[in-house]
Trainee: 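This is the structure I have questions about; it appears just below.
First the proteins, then the strands, lettered A, B, ... as listed; each starts at 1. As a basis for the values below, the full set of heavy atoms in this structure was taken, side chains included, without hydrogen atoms, waters or symmetry mates.
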Amino acid sequence: MPELPEVETIKNDLRPLLAGRVITDVKVAWEGCVDRPLASEFGDQIVGRRMEGVERRGKLLVFTLSGGKTLLVHLRMTGSLLVAEPTAPWGSHTRLSFRLDNGKELRFVNVRKFGRVYLVDDPQEVVGDLGPEPLNEEFGVDDFRALFDNRRGMIKPLLLNQRFLAGLGNIYVDEAMFQARLHPRRKAHTLSPEELAGLYDAIRDVLRQAIADKGTSRSDYVRPDGAEGGHQEHLLVFGRVGKPCPRCGATIERLVVGGRGTYICPRCQE
DNA sequence: CGGGAAACCTGCAGGC
DNA sequence: TGCCTGCAGGTTTCCC
């Protein structure tokens with residue numbers, strides 16, 4: 001679920017709550033969520049460290065810790081990070097919890113057990129293969145166009161590829177492709193420079209709008225205080241099969257592209 | 001490199 | 001009410 005706008009929102013919410021806090025204890029309720037180091041060593045390696053930075057890279061949360069370690073969290077489809085009182089009910093899907101020196105707990109909740117945490121010396125070993133950040137100031141339309149050199153696959157799977165471009169998921173790819181009036185099965189190398197410029201603008205517009213709305217809550221996504229995002233009210237095509245296209249009134253269809261449920265307006269997108 | 005399918009998991013909606 | 005099937009916003013891996 002969480003894509004770039006959701007992770008950005010979580011990062012913005014967490015930073016004032018976590019910056020400067022010391023981790024005083026760790027509870028691992030399900031060892032499988034610790035990708036590295038060994039789950040048995042995770043607590044010993046992290047307890048006592050101070051949270052010095054809270055950042056985002058792609059869909060990953062990046063916590064810079066004292067003593068040269070970095071904690072990274074990938075929420076995958078159903079993960080959330082909650083800041084809770086230790087007395088709050090544990091909940092059967094809480095996989096990991098960090099006790100903080102202000103008495104609160106940072107809890108990693110994950111219904112489907114896909115989310116992972118990484119504690120590493122060099123964050124590059126986790127984020128090193130990611131593509132560029134679409135919202136970075138220095139990421140211009142020419143940089144975007146250059147990504148398409150020698151790419152011959154369908155556009156949607158390409159945009160979902162995190163090594164191509166970091167942060168887009170199923171929802172925002174569909175929304176951006178609708179806004180750019182492009183069919184998700186179009187081959188990357190058939191897009192004109194003008195179409196690529198339109199897609200570049202659409203991706204950035206969609207992401208910025210969703211961040212302004214604090215993300216899209218359809219099923220699992222909630223902010224660290226339990227609040228929902230608001231962008232589900234502004235989705236133009238995603239999940240709206242059978243409803244009228246907001247631009248032309250044609251009926252929105254659902255297809256499968258690259259194995260993913262895909263929503264398009266069959267009249268606007270070619 | 002491209003594309004499809006399966007795998008990792010659990011919960012929920014829909015059909016009967 | 002209960003059972004069964006299919007589906008889910010992410011990512012990796014295997015296979016052709």
Side-chain angles (χ1 to χ4, degrees), chain A residues 1-10 29-36 56-61 72-81 91-96 108-118 125-131 147-178 183-190 203 206-207 210-211 213-223 228-242 254-264:
Chain A
M1 159 226 2
E3 307 179 32
L4 187 154
E6 288 75 34
V7 182
E8 179 73 10
T9 300
I10 293 167
W30 185 66
E31 292 193 346
C33 70
V34 181
D35 185 277
R36 67 192 79 163
R56 178 193 60 74
R57 177 75 173 95
K59 300 174 188 174
L60 284 138
L61 287 151
L72 300 102
V73 179
H74 199 309
L75 300 169
R76 295 286 181 97
M77 284 174 78
T78 59
S80 52
L81 284 170
S92 57
H93 301 126
T94 304
R95 313 297 181 190
L96 188 62
F108 179 50
V109 179
N110 207 201
V111 175
R112 295 162 78 183
K113 297 171 172 173
F114 294 163
R116 292 291 182 270
V117 301
Y118 310 79
E125 72 177 84
V126 182
V127 301
D129 286 337
L130 292 178
L147 296 178
F148 287 80
D149 290 347
N150 301 317
R151 292 294 191 154
R152 307 190 76 76
M154 295 183 291
I155 184 92
K156 172 162 179 172
L158 197 54
L159 293 176
L160 286 173
N161 180 349
Q162 300 299 295
R163 299 207 276 204
F164 179 80
L165 187 66
L168 288 176
N170 210 28
I171 294 178
Y172 298 115
V173 165
D174 279 8
E175 292 292 297
M177 305 257 305
F178 171 74
H183 195 287
R185 287 204 183 103
R186 280 282 297 278
K187 298 285 188 163
H189 66 281
T190 70
I203 288 169
V206 163
L207 293 176
I211 291 169
D213 286 336
K214 311 289 187 191
T216 300
S217 291
R218 301 190 84 240
S219 55
D220 296 276
Y221 166 67
V222 289
R223 296 166 62 184
E228 297 197 335
H231 196 67
Q232 61 278 7
E233 307 296 332
H234 298 145
L235 293 175
L236 300 179
V237 289
F238 192 88
R240 307 190 73 246
V241 61
R254 179 184 188 277
L255 349 161
V256 176
V257 178
R260 313 299 304 280
T262 299
Y263 300 88
I264 65 160

Trainee: Which part of the nucleic acid, if any, lies within contact of A:Thr216, taking any heavy atom under 4.0 Å across all strands shown: a base, the sugar-phosphate backbone alone, or nothing?
Mentor: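 Base, at least one base atom sits under 4.0 Å.
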Trainee: Counting neighbours of CG on A:Asp149 that are heavy atoms of other residues, nucleotides or ligands and sit closer than 6.0 Å, is the number greater than 12?
Mentor: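 Counting neighbours around CG of A:Asp149, more than 12 heavy atoms of other residues, nucleotides or ligands fall under 6.0 Å, so yes.
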Trainee: Is there a donor-acceptor pair closer than 3.5 Å between any side-chain N or O of A:Gln162 and the backbone N or O of A:Gly167?
Mentor: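 Between the backbone of A:Gly167 and the side chain of A:Gln162 there is a qualifying donor-acceptor contact (under 3.5 Å).
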Trainee: Looking for any heavy atom pair under 4.0 Å, which part of the strands does A:Gly259 touch: base, sugar-phosphate only, or nothing?
Mentor: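 Nothing: the residue A:Gly259, judged by heavy atoms under 4.0 Å, touches no strand.
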Trainee: Taking C:dC3 as the reference, what is the distance to B:dC9 when you measure between their P atoms (whole Å, please)?
Mentor: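 Going atom to atom, P in each nucleotide, I get 25 Å.
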Trainee: Whether A:His93 contacts B:dG11 is assessed here as follows: a side-chain N or O lying under 4.0 Å from the phosphate OP1 or OP2. Is that the case?
Mentor: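 Answer is yes, contact under 4.0 Å.
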Trainee: Show the nearest heavy-atom pair for residues A:Val257 and A:Pro157, with the distance to one decimal.
Mentor: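 Closest pair (atom of A:Val257, atom of A:Pro157, distance): CG1-CD, 4.2 Å.
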Trainee: With pairs defined as Watson-Crick or G-U wobble and both distances under 3.5 angstrom, please note down DNA chain C as a dot-bracket string, | for pairing with another strand.
Mentor: .|||||||.|||||||
Trainee: Evaluate the criterion side chain to side chain contact (heavy atoms under 4.5 Å, CB included) for residue pair A:Arg56 and A:Leu4; output intermediate values, then yes/no.
Mentor: CA-CA 8 Å; A:Arg56 178 193 60 74; A:Leu4 187 154; 3.4 Å; yes
Trainee: Heavy atoms under 4.0 Å, any strand shown: does A:Asp220 hit a base, just sugar-phosphate, or nothing?
Mentor: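 Counting heavy atoms under 4.0 Å across all strands, the contact made by A:Asp220 includes a base.
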Trainee: What integer distance in Å separates A:Phe108:CZ from B:dC9:P?
Mentor: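 Distance, rounded to whole Å: 14 Å.
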Trainee: Expressed in whole Å, how much space separates the C1' atoms belonging to B:dC8 and C:dC4?
Mentor: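 These two C1' atoms come out 22 Å apart once rounded.
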Trainee: Please test A:Ile203 against A:Leu165 for side chain to side chain contact (heavy atoms under 4.5 Å, CB included), starting from the C-alpha separation and ending with a verdict.
Mentor: CA-CA 11 Å; A:Ile203 288 169; A:Leu165 187 66; 4.3 Å; yes
Trainee: CZ of A:Arg218 versus P of B:dA13: gap in Å, rounded?
Mentor: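 Going from A:Arg218 (CZ) to B:dA13 (P), I get 13 Å.
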Trainee: Just call it for A:Lys156: base, sugar-phosphate, or nothing, with non-hydrogen atoms closer than 4.0 Å on any strand.
Mentor: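 Nothing: the residue A:Lys156, judged by heavy atoms under 4.0 Å, touches no strand.
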Trainee: Quickly work out the A:Met77 CE to B:dC12 P distance and round it to whole Å.
Mentor: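 Taking CE of A:Met77 and P of B:dC12, I get 15 Å after rounding.
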Trainee: Measure the distance from CG on A:Leu255 to P on B:dG4 and round it to the nearest whole Å.
Mentor: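 Distance, rounded to whole Å: 13 Å.
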Trainee: Considering every strand and a 4.0 Å limit on heavy-atom distances, what is the contact class for A:Tyr221: base, sugar-phosphate, or nothing?
Mentor: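 Touches a base.
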Trainee: I want to check one thing: is the phosphate of B:dG3, taken as OP1 and OP2, less than 4.0 Å away from some side-chain N or O of A:Lys187?
Mentor: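 A:Lys187 to B:dG3 OP1/OP2: side-chain N or O found under 4.0 Å.
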Trainee: Atom CZ of A:Arg112 and atom P of B:dC9: how far apart are they, to the nearest Å?
Mentor: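 Rounding to the nearest Å, CZ of A:Arg112 and P of B:dC9 are 11 Å apart.
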Trainee: In B/S/- notation, 5' to 3', how is nucleotides 11-16 of chain C contacted by protein heavy atoms closer than 4.0 Å?
Mentor: B-----
Trainee: Not counting sequence neighbours, which residues clear ring pair (Phe, Tyr, Trp, His ring centres under 6.0 Å) with A:Phe238? List them please.
Mentor: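 Residues passing ring pair (Phe, Tyr, Trp, His ring centres under 6.0 Å) with A:Phe238: A:Tyr263.
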Trainee: Using whole Å, what does the distance between atom P of nucleotide B:dG3 and atom CG of A:Asn161 come to?
Mentor: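 Those two atoms, CG and P, are 12 Å apart.
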Trainee: Just by distance, no angles: are the side chains of A:Tyr221 and A:Glu3 close enough, under 3.5 Å, to form a donor-acceptor pair?
Mentor: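 The criterion, which ignores hydrogens and geometry beyond distance, is not satisfied for A:Glu3 and A:Tyr221.
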Trainee: Decide yes or no for A:Asp35 and A:Val126: does some side-chain heavy atom of the first lie under 4.5 Å from some side-chain heavy atom of the second?
Mentor: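 A:Asp35 vs A:Val126: side chains apart.
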Trainee: Please answer whether the main-chain N or O of A:Ile10 pairs with a side-chain N or O of A:Lys214 as donor and acceptor at a distance below 3.5 Å.
Mentor: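 Flag not set: sc A:Lys214 to bb A:Ile10 has no pair under 3.5 Å.
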Trainee: I need the CE-C1' distance between A:Met154 and B:dC1, as an integer number of Å.
Mentor: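 It works out to 13 Å between those atoms.
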Trainee: On the 0 to 90° scale, with breaks at 30° and 60°, tag the A:Phe164-A:Phe148 ring pair as parallel, tilted or perpendicular.
Mentor: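 A:Phe164 vs A:Phe148 ring planes: perpendicular.
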Trainee: Rounded to whole angstrom units, what separation is found between the CZ atom of A:Phe114 and the P atom of C:dC7?
Mentor: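 Roughly 16 Å, once rounded to whole Å.
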Trainee: Could you tell me whether the phosphate oxygens of B:dG2, OP1 or OP2, come under 4.0 Å of any side-chain nitrogen or oxygen in A:Arg151?
Mentor: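 For B:dG2, OP1/OP2 do have a side-chain N/O of A:Arg151 under 4.0 Å.
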